[in-house]
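The analysis underlying the following values was restricted to heavy atoms, covering all of them including side chains, and did not include hydrogens, waters or symmetry mates. All chains are named by letter (A, B, ...) in the order of the sequence lines, taking the proteins before the strands, and each is independently numbered beginning at 1. The model shown is predicted, which means the values in this text are computed figures rather than measured ones.
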Protein chains: 2
Amino acid sequence: MIASRPARPDPASVLEDRGYRLTGPRRSVIRLLDRKEEGFSAEDICEELPGVGRATVYRTIRLLLDAGVLCKLALPDGAPKYSLARVEHHHHTFCVTCGNVGEFRDTTIERLLRTIGADIAGEIVGHRMEFYIVCRACLEAPER
Amino acid sequence: MIASRPARPDPASVLEDRGYRLTGPRRSVIRLLDRKEEGFSAEDICEELPGVGRATVYRTIRLLLDAGVLCKLALPDGAPKYSLARVEHHHHTFCVTCGNVGEFRDTTIERLLRTIGADIAGEIVGHRMEFYIVCRACLEAPER
DNA sequence: CGATCATATGATACTTAGTCTCATCTTTTA
DNA sequence: TAAAAGATGAGACTAAGTATCATATGATCG
Ligand SMILES: [Zn+2]
Ligand SMILES: [Zn+2]
Ligand SMILES: [Zn+2]
Ligand SMILES: [Zn+2]
């Protein structure tokens, strides 16, 4: 089953492939994103890279979003979060207690979603799905 | 099958049931929402109700969101939109061409989503799902 | 190498969506 | 009718992100 996980695309190569220059500031942003846990904010990145301008951070984020190697999570309430995509197509889990973000894939869902098109007026061109959870750690945590 | 569609809750009664006063400004907002097509912005409401303060519009929207009779749609890109909920639990379609928003329910999905919990570490407390489509009207529209 | 031109950067102003504050007004209740 | 609770609205503030534009960087050609 290990072979079924597609290799994660390298954000730097993806940008180059798209004809963008791989400059110092862009490298810094990408290197930091790579070290980050999932579910960080754009402003986090700005603060941790004082040498890179805010505009450049946001511009790089946008390039990566457009290229599909970065996900923007619209949480039900609160600030948007970002997370480098680990696998190609996936969905997210979001712990409503600790805010932890996870990725998952389920081929059954994907198959079902494809068949559901029949019930919808129009042509389906994409979808998004998120699960709100209480994660393992929060379930096991001493109450408080 | 008609009987299977639950009656749409009346936003005004829902607010009263929750212990909020049904004041003039709140009535105005609710009456306008009710006349609106799906997929309007909060600022639309402010502009169309110059007699009601911005803060009150946003406060009323928040109350209705909390009560579950109004949906906030986080579109993949662009401004958030609102839409009065027509049925209890549902998902949205969003036409990527014209921006039209629709609601749908599918019990197969709901059943599947419940079973998928087994594969996810933690307890699922909710979900969100959206389909991006090209709607019937846009498919049939003269090209361009 | 150096000139040239496209591209990228960063400081900063601006925009959008929404919240907060607080003095005033309205409603409820006693 | 007086007091208390709740709601309102003007406007200040915040957070997330975009636009502007002068400067800097880097690729390409001679
Ligand atoms: Zn993702
Ligand atoms: Zn999917
Ligand atoms: Zn809805
Ligand atoms: Zn559902």
Q: Treating B:Glu48 as the side-chain partner and B:Leu32 as the backbone partner, does any N or O pair qualify as donor plus acceptor under 3.5 Å?
A: no
Q: Once you measure the plane-to-plane angle for B:Tyr132 and B:Phe94, does it fall in the parallel (<30°), tilted (30-60°) or perpendicular (>60°) bin?
A: perpendicular
Q: Of the nucleotides D:dA7, D:dG17, C:dA17, which has the atom closest to the A:Tyr82 side chain?
A: D:dG17
Q: Using whole Å, report how far CG of B:Leu49 lies from C1' of D:dG9.
A: 14 Å
Q: Could you tell me the separation between the CZ atom of A:Arg62 and the P atom of C:dT7, rounded to a whole number of Å?
A: 16 Å
Q: Hey, is the side chain of B:Arg59 pairing donor to acceptor with the base of D:dG9 inside 3.5 Å?
A: yes
Q: Under the side-chain contact (heavy atoms from CB on, under 4.5 Å) criterion, do B:Tyr82 and B:Asp44 qualify, and how do the steps go?
A: CA-CA 10 Å; B:Tyr82 297 88; B:Asp44 288 345; over 6 Å; no
Q: Can you tell me which nucleotide in C:dA17, D:dT8, C:dT7 comes closest to the side chain of B:Ala79?
A: C:dA17
Q: Atom CD of B:Glu43 to atom C1' of C:dT15: distance rounded to whole Å?
A: 11 Å
Q: Does B:Gly51 reach a base, just sugar-phosphate, or nothing at all? Heavy atoms under 4.0 Å.
A: sugar-phosphate
Q: Please state how far atom CG in B:Leu22 lies from atom P in D:dG6, giving the value in whole angstrom units.
A: 16 Å
Q: When you measure from the side chain of B:Val52, which nucleotide among D:dG9, C:dA17, D:dT25 comes out closest?
A: D:dG9
Q: If you check the A:Thr23 side chain, which of D:dT8, D:dT25, C:dT9 turns out closest?
A: C:dT9
Q: Quick check: does any side chain N or O of B:Glu103 sit under 3.5 Å from a backbone N or O of B:Arg86, one acting as donor and the other as acceptor?
A: yes
Q: For the pair made of CG in B:Asp44 and P in C:dG18, what is the distance, rounded to whole Å?
A: 11 Å
Q: Return whichever of B:Ala55 or B:Tyr20 has its heavy-atom-nearest nucleotide of DNA chain D closer to the 5' end.
A: B:Tyr20
Q: Mind calculating the distance between CG (B:Asp66) and P (C:dG18) to the nearest angstrom?
A: 14 Å
Q: To the nearest Å, give me how far apart CZ (A:Arg54) and P (D:dA19) are.
A: 14 Å
Q: Report the residue (B:Lys72 or A:Gly19) whose heavy-atom-nearest nucleotide on DNA chain C is the more 5′ of the two.
A: A:Gly19
Q: Can you measure B:Tyr58 atom OH to D:dC13 atom C1' for me and round it to whole angstrom units?
A: 14 Å
Q: Which nucleotide in the list C:dG10, C:dT7, D:dA7 gets nearest to the side chain of B:Arg26?
A: D:dA7
Q: Should the ring pair B:His89 and B:His127 be called parallel, tilted or perpendicular, given that the plane angle runs from 0 to 90° and is split at 30 and 60?
A: perpendicular
